[in-house]
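Whatever order the structure lists ligands and atoms in, that order sets their numbers, starting from 1. Keep in mind it's a predicted model, so treat the numbers as computed, not measured.
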Amino acid sequence: MRAFAYRRTTQIHEALSLVAQHDGARFLAGGTNLVDLMKAGVESPTRLVDVRSLALGDIGEAPDGGLVLGATATNSAVAADARVRLRYPALSQAILAGASGQLRNMATVGGNLLQRTRCAYFADPSEACNKRAPGSGCSAIDGAHHNHAILDWTQHCVATHPSDMAVPLTAFDAVVRYETLDGAGEIPLAEFYRPVGDRPDRETALPDGALITSVVLPPAAVAGRSRYRKVRERASYAFATVSVAAALDVRHGLVRDVRLALGGVASRPWRARLVESALRGGPATAERISAAAEREVAAARPLRGNAYKVTLARNLIEAVLTELAAEPAEEGNA
Ligand code: SF4
């Protein structure tokens with residue numbers, strides 16, 4: 001690991017200035033991904049600005065009835081929050097399906113969104129990787145890619161986004177708020193991750209030097225009837241092969257609202273809007289759910305080694321939505 005400077009601050013403006021003043025400076029929160037990448041020689045920040053002492057760790061009510069997750073709230077705190085568990089259960093389930101207890105105690109909301117792909121070639125500086133070294137090529141396309149993308153990839157990169165937490169946040173239309181030295185801004189999570197294109201190293205729409213301050217969950221009645229299901233190669237402490245965050249609200253036999261997002265299939269959490277539009281307003285029958293799932297995966301372009309993910313994604317969508325549709329409606333909603 002290369003030598004680096006370290007600073008800790010309690011002021012957002014000072015944190016922004018400390019990063020802006022120093023080429024190669026980075027914010028440090030839980031460090032559960034960044035420090036690993038520093039040890040592997042993938043990241044070499046010149047200065048780390050520790051943001052864990054900023055007053056950004058609260059989870060609170062939004063004026064419109066949603067929730068505000070502070071950027072440095074730990075994954076454990078969010079998963080355990082009674083309001084999250086009641087109003088956005090898929091979010092709590094997704095976080096608990098990720099990493100280990102020790103990592104969740106360190107990892108933060110902002111850091112979770114900014115974690116890098118776990119493509120093995122990305123983590124190995126001896127391999128060609130356009131995401132780590134733009135223009136060097138992509139070792140995964142003709143290499144070991146059984147756990148790589150089936151949707152929205154390009155010849156420049158076929159990696160997936162590793163976050164579980166970001167999948168239900170995408171389904172629930174969360175918004176990322178940030179601060180820069182020029183002022184505050186916000187980006188819907190649906191626009192936060194950039195399409196791969198020809199620059200897979202440019203992963204988010206955050207302005208240079210911006211610090212994530214919170215993630216806002218809008219109020220959504222349907223989110224209270226949600227579920228996260230993750231398929232992985234081990235029972236725990238493994239990234240998703242495919243995951244689904246789904247929410248379904250059926251009233252008087254008709255789908256009043258439905259949200260669905262997939263993890264493990266693309267460079268960003270994949271909002272399954274084809275499923276949502278196919279189901280909304282009609283009966284939640286097994287036939288319609290099956291047809292909707294088929295429609296979503298029809299656009300998949302599997303690589304040589306990961307066609308199984310297309311079947312897996314379709315079956316997972318079907319299974320989770322069928323389970324939600326079979327649950328009794330809330331009192332007065334049948
Ligand atoms: Fe790098 Fe992306 Fe190719 Fe993996 S898939 S080697 S991250 S360019």
Side chain to side chain, Ile317 and Glu294, heavy atoms closer than 4.5 Å: no
Close side-chain approach of Asn147 and Asn306, heavy atoms under 4.5 Å: no
Arg259 with Asp249: basic N within carboxylate O range, under 4.0 Å: no
salt_bridge(Arg132, Glu127) N-O dist < 4.0 Å: no
Sphere of radius 2.8 Å around atom 2 (Fe) of ligand 1 - protein N, O or S atoms inside: Cys157 SG
Side-chain ion pair, Arg280 and Asp257, N-O less than 4.0 Å: yes
Residues clustering with Val78 (ILVMFWY side chains joined when closer than 4.5 Å, directly or via others): Ile59, Leu67, Leu69, Val84, Tyr88, Leu91, Ile95, Val109, Leu113, Leu114, Met165, Leu169, Phe172, Val176, Tyr178, Ile187, Leu189, Phe192, Tyr193, Leu206, Ile212, Val215, Leu217
